[in-house]
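Input: a single structure, listed below in structure tokens.
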Amino acid sequence: MAPWITQITVMLLSVFAGSSQGKKDKVIYCSACKAIVDELNYSISQVDPKKTINVGSFRINPDGTVKDKKVPLARSETHLSELLDGVCDSMSDYALHVDPDTQEKKYLRFAPRSGGTTEGFPDFKNFQFDGPEASNALKFACESIVEELEDDIISLFSQNTEDVHKELCNRVSDYCKGTSHINEEL
């Protein structure tokens with residue numbers, strides 16, 4: 001085969017391969033987005049509200065003073081970054097839930113948190129436990145969202161934004177836009 005034919009073939013394949021982006025599963029990505037918000041809200045609520053952290057410059061001003069300020073630890077950028085590092089590890093506590101009335105599918109937390117009660121949890125018979133592949137897909141979606149939206153997530157949580165689910169999952173990322181469970185919390 002002539003070398004120019006091979007080059008054209010490789011070029012065409014790379015153009016088509018680069019333009020064919022995998023479609024993101026709306027159920028998985030919307031559920032992962034909501035799970036991130038839910039897990040971060042829970043982790044923030046577990047921090048003592050009296051704990052603070054010094055932020056700002058630690059430079060000494062000409063008059064000998066240091067300009068810094070204290071902010072609550074729970075919503076500091078440092079703490080939120082640490083929480084984001086491990087938030088996707090809890091995706092194994094989620095499984096696909098099928099609403100018996102509407103047949104709507106979404107991933108919900110099935111495992112109670114340590115020291116928590118099972119009160120308010122959906123019935124186990126409506127969950128589909130598809131093995132580790134399902135939780136791996138949710139964890140991958142979670143990691144993708146965190147990587148893509150880390151700055152937005154930290155910004156929304158540090159500002160204590162109202163309706164973070166709606167803001168992050170609908171307005172910032174569009175993962176839940178057009179789904180029927182827009183305002184529901186996990």
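For this chain, numbers begin at 1 and follow the sequence in order.
In this structure the side chain of Tyr29 reaches within 4.5 angstrom of the side chain of Ser144, judged on heavy atoms. Side-chain contact between Leu108 and Phe127: present, with at least one pair of heavy atoms (C-beta onward) separated by less than 4.5 Å. You'll find the side chain of Tyr175 stays beyond 4.5 Å of the side chain of Leu168, heavy atoms only. Side-chain atoms of Val27 and Ser31, non-hydrogen and from C-beta on, do get closer than 4.5 Å to each other. Looking at Val71 and Thr52, their side chains never come closer than 4.5 Å, going by heavy atoms from C-beta outward. Between Lys70 and Ile53 there is no side-chain heavy-atom pair separated by less than 4.5 Å.
Of the possible donor and acceptor atoms, one in the side chain of Asp99 sits under 3.5 Å from a partner among the backbone N and O of Thr102. In this structure a side-chain-to-backbone donor-acceptor pair under 3.5 Å is missing from Ser135 to Met91. Ser76 places a side-chain N or O within donor-acceptor distance of the main-chain N or O of His79, the cut-off being under 3.5 Å. Ser158 places a side-chain N or O within donor-acceptor distance of the main-chain N or O of Ser155, the cut-off being under 3.5 Å. With hydrogens and angles ignored, the 3.5 Å screen pairs a side-chain donor or acceptor of Asp63 with a backbone N or O of Thr65.
Leu138 CG to Asp93 CG: the interatomic distance, rounded to the nearest 0.5 Å, is 10.5 Å. Summarising the geometry, atom OG belonging to Ser173 is positioned 8.5 Å from atom CD1 belonging to Ile153; distances are rounded to the nearest 0.5 Å. To the nearest 0.5 angstrom, Asn136 atom CG is 9.5 Å from Ser92 atom OG. How far CG of Asn54 is from CG of Leu73: 11.0 Å, rounded to the nearest 0.5 Å. A distance of 10.0 Å separates OG in Ser43 from CG in Leu80, rounded to the nearest 0.5 Å. Distance check: Cys142 SG to Tyr107 OH gives 13.0 Å after rounding to the nearest 0.5 Å.
Every residue meeting the side-chain contact (heavy atoms from CB on, under 4.5 Å) condition with Asn126, not counting sequence neighbours, appears here in chain and number order: His97, Pro100, Asp123.
Disulfide status for Cys176 with Cys30: present, SG atoms under 2.5 Å apart.
Pairs engaging residues 72-87 under the salt bridge (charged side-chain N to carboxylate O under 4.0 Å, His left out) rule: none recorded [sequence neighbours left out]. Screening residues 135-156 for salt bridge (charged side-chain N to carboxylate O under 4.0 Å, His left out), with sequence neighbours left out, gives Lys24-Glu148, Asp89-Lys139.
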Given side chain to side chain contact (heavy atoms under 4.5 Å, CB included), test Ile28 with Phe140 step by step and report yes or no. CA-CA 10 Å; Ile28 290 177; Phe140 177 78; over 6 Å; no
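Of all non-hydrogen atoms in Ile145 and Cys33, the two that sit nearest each other are CD1-N, 3.7 Å.
Residue Glu162 qualifies as open at atom CD: its count of foreign heavy atoms under 6.0 Å is 12 or below.
Between Glu39 and Arg113 there is a salt bridge, since at least one side-chain N of the basic residue sits less than 4.0 Å from a carboxylate O of the acidic one.
Between Phe124 and Phe129, the ring planes are tilted. Angles from 30° to 60° get that label.
Paired with Ile154 under the rule side chain to side chain contact (heavy atoms under 4.5 Å, CB included), one option of Leu83, Leu84, Leu40 passes, and it is Leu84.
Placement of Val98 and Tyr94 in two distinct hydrophobic clusters is found when ILVMFWY residues are connected by side-chain heavy-atom separations under 4.5 Å, directly or transitively. The cluster map of Ile, Leu, Val, Met, Phe, Trp and Tyr, joined by side-chain heavy atoms under 4.5 Å apart, puts Val37 and Tyr42 in different clusters.
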